[in-house]
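See below for the structure under consideration.
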There are 2 protein chains.
Amino acid sequence: MNDLRVAIVGATGLVGQEFIRILTQRNFPTKSITLLASDRSAGKKLLVKGQEIEVKETTPESFNDIDIALFSAGADISRHFSPIAAEKGVVVIDNSAAFRYEPDVPLVVPEVNIEDAKNNKGIIANPNCSTIQMVTALYPLHKVNPIKRIIVSTYQAVSGTGTAAMDVLTSQSQTVLAGQPVTPHVYPHQIAFNLIPEIDVFFDTGYTKEEWKMLVETRKIMHAPHIAVSATCVRVPVFVGHSEAVNIEFERPMAPDEARDILAKAPGVKVLDDPTVSLYPHPWMAAGTDDTFVGRIRSDSSLPGGLVMWIVADNIRKGAALNAVQIAEEMVKRGWLRG
Amino acid sequence: MNDLRVAIVGATGLVGQEFIRILTQRNFPTKSITLLASDRSAGKKLLVKGQEIEVKETTPESFNDIDIALFSAGADISRHFSPIAAEKGVVVIDNSAAFRYEPDVPLVVPEVNIEDAKNNKGIIANPNCSTIQMVTALYPLHKVNPIKRIIVSTYQAVSGTGTAAMDVLTSQSQTVLAGQPVTPHVYPHQIAFNLIPEIDVFFDTGYTKEEWKMLVETRKIMHAPHIAVSATCVRVPVFVGHSEAVNIEFERPMAPDEARDILAKAPGVKVLDDPTVSLYPHPWMAAGTDDTFVGRIRSDSSLPGGLVMWIVADNIRKGAALNAVQIAEEMVKRGWLRG
């Protein structure tokens with residue numbers, strides 16, 4: 001296996017820094033790591049595998065002599081630089097929504113559809129955080145018993161918005177605890193000790209783009225164009241870890257024990273489900289880990305044969321950086337990505 | 001209208017103190033207010049309509065010369081003292097779950113089924129907080145177009161647990177912000193910057209009692225024994241205000257505009273629904289208010305003719321103390337409750 005020349009675009013951001021940590025922790029075969037960001041961040045130095053590396057401004061020339069570029073710098077940067085990089089033969093794994101819905105761009109969760117990554121035209125899209133953890137948990141069930149309908153309510157951490165939102169949660173929480181009034185910032189309303197049922201922009205349907213993503217991305221990743229999905233996406237005052245309450249309707253009845261057995265063997269999934277000892281996943285325990293955790297598995301009291309479950313994962317790791325690196329790892333393993 | 005001799009049982013608790021505030025704010029016709037609690041709280045003095053009143057220990061004799069008793073001191077106290085009070089001719093409105101599921105005990109949300117209160121045998125039950133706000137918002141729709149199935153995920157504030165839980169959210173938040181580890185207290189896991197998908201005890205079905213309540217209480221209050229309900233109830237790090245993401249299936253299709261029109265005229269309901277200006281309810285704005293707020297009304301993308309909405313209310317007011325006082329007010333107005 002040849003070592004790869006890796007570029008990280010958006011290296012100073014929350015997901016960018018997680019890319020660095022994960023490449024190091026997983027011993028990803030790198031020949032070199034190039035850190036790229038906006039001119040604002042250029043010159044900063046970040047520690048990579050014990051070595052200081054200077055962040056460079058992203059330019060078209062940045063992608064000369066690069067094998068793989070991990071992008072997480074927003075959709076505008078991706079839209080501009082990904083095609084330039086791909087043109088130079090770089091394989092781009094893009095964490096933004098810029099290319100996810102293009103029919104010829106693979107949208108990949110390795111545990112579900114790594115085969116799609118093979119037929120890339122230089123750009124592979126990393127799905128939305130909320131979608132990744134949901135399909136990781138649901139696809140193993142869907143393979144056994146096709147899913148017809150999914151109703152999901154999310155409880156999403158502020159880290160999904162970025163560093164500024166984490167700072168806002170900290171400072172607003174301090175302000176509230178000091179008995180002072182909060183001026184909203186980053187979000188349209190106070191997030192400390194509050195909830196905001198608005199993530200990404202609103203569409204005319206009344207759904208937000210985040211909610212719409214959970215429909216279209218699930219269909220694309222699972223190759224299930226007829227699956228019905230309704231999502232309500234809510235920002236909660238949690239730093240790291242997205243949670244989801246999910247009701248699932250299958251073609252045939254599915255018992256909780258059958259689902260538990262399937263999920264116990266599923267890649268990337270860990271079942272934590274013992275109510276007698278208050279064992280179920282929650283974001284505080286999932287933060288910093290790699291698995292998609294599933295608990296509270298039970299028969300749907302409103303639908304014979306249906307299931308309800310509770311899915312939690314680290315939105316910055318499995319929901320973003322880890323999933324992208326796993327795509328690269330699997331491609332290297334299959335010889336689809338070479339130095 | 002004769003003035004009433006009112007007793008508040010559990011007067012020093014969170015709901016008890018809200019009883020006092022609400023009786024005062026709404027100018028409830030009282031001849032006297034007696035404050036009762038455990039022997040631990042006896043002797044404390046609370047301000048009622050500008051006057052200090054001493055809290056007395058609850059004994060059978062406490063209910064002599066009382067017309068109406070508002071109970072919020074837990075199920076054990078209710079189970080013990082409510083029948084004693086009722087025996088003495090007192091009308092008990094009980095905020096605990098002690099009698100809610102007895103066939104001959106009315107379970108009442110005034111906007112829905114005040115008529116049920118008439119045939120009481122001395123005890124009227126106040127429903128669970130999560131149920132009250134849901135049926136207040138859904139019953140007006142159900143009357144026009146019967147509801148077949150409800151899927152609800154809740155986001156419940158810690159005040160539902162009581163004063164100790166509010167203190168725990170404060171102290172744990174301070175601990176986390178100071179970078180120190182938290183030792184769980186009151187809840188089985190840390191609640192600060194976290195979520196706990198466990199409210200009340202677990203049943204063998206995998207549902208919690210809180211989730212089960214949303215099924216059986218909704219059926220009883222709405223006189224809809226066949227309605228299907230599945231709930232996932234989650235504690236969130238919010239002080240006051242429960243929120244609910246609800247998917248609703250009707251007998252016939254229901255359009256969002258029709259629902260908005262119906263809810264705009266519904267008693268106790270306020271529609272806040274304009275995505276273009278980020279207008280939707282959230283707990284911080286609902287805390288301290290009396291209405292049940294509804295927003296994010298949209299057609300269910302997973303079910304033609306279905307609806308999705310977001311319901312928020314102050315769980316201590318409409319979810320507890322206010323609803324109980326409203327029951328009393330409506331009974332007084334109808335001559336079912338006299339001094």
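Each chain gets a letter, A, B and so on, in the order its sequence line appears, and its residues count up from 1.
Neither the backbone nor the side chain of B:Ala287 has a heavy atom closer than 4.5 Å to any heavy atom of chain A. In this structure, the portion of B:Val229 lying under 4.5 Å from any heavy atom of chain A is its backbone and not its side chain. Proximity to chain B (any heavy atom under 4.5 Å) is restricted, for A:Val176, to the side chain, taken from C-beta onward. There is no contact between A:Ser171 and chain B, counting heavy-atom distances below 4.5 Å. There is no contact between A:Ala157 and chain B, counting heavy-atom distances below 4.5 Å. Residue B:His189 touches chain A through its side chain alone, counting heavy-atom pairs closer than 4.5 Å.
Interface summary for chain B: among A:Gln174, A:Arg149, A:Lys148, the most heavy-atom pairs under 4.5 angstrom belong to A:Arg149. No other option in A:Val238, A:Val277, A:Val236, A:Thr276 has as many heavy-atom pairs under 4.5 Å with chain B as A:Val238. With respect to chain B, the highest number of heavy-atom pairs below 4.5 Å among A:Leu303, A:Val308, A:Val240 belongs to A:Leu303. When each of A:Gly295, A:Ala245, A:Pro237, A:Ala228 is scored by its heavy-atom pairs under 4.5 Å with chain B, the top score falls to A:Pro237. No other option in A:Thr154, A:Leu215, A:Val152 has as many heavy-atom pairs under 4.5 Å with chain B as A:Thr154.
In this structure, a donor-acceptor pair under 3.5 Å is present between the side chains of B:Arg298 and A:Thr232.
Annotation for B:His185: atom NE2 does not count as buried by contact number, only 12 or fewer foreign heavy atoms lying within 6.0 Å.
Residue B:Ser299 comes nearest to A:Tyr207 through the heavy atom pair O-CE1, 3.2 Å, listed as atom of the first residue, atom of the second, then distance. Closest of all the heavy-atom pairs between A:Ile151 and B:Ser302 is CG1-OG, 4.0 Å. Taking each heavy atom of B:His282 and A:Leu195 in turn, the nearest pair found is CB-O, 3.2 Å. Shown here for A:Ser230 and B:Asn247, the closest heavy-atom pair between the two residues is OG-ND2, 3.2 Å.
In this structure, A:Trp310 and B:Ser153 have side chains that are not in contact, with every pair of non-hydrogen atoms separated by 4.5 Å or more. Within the 4.5 Å cutoff, the side chain of B:Trp284 has no heavy atoms near those of the A:Val182 side chain.
Between A:Phe239 and B:Phe193, the ring planes are tilted. Angles from 30° to 60° get that label.
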>> Does A:Thr205 form a side-chain contact (heavy atoms from CB on, under 4.5 Å) with B:Ser301? I'd like the steps, not just the answer.
In response: CA-CA 9 Å; A:Thr205 55; B:Ser301 56; over 6 Å; no
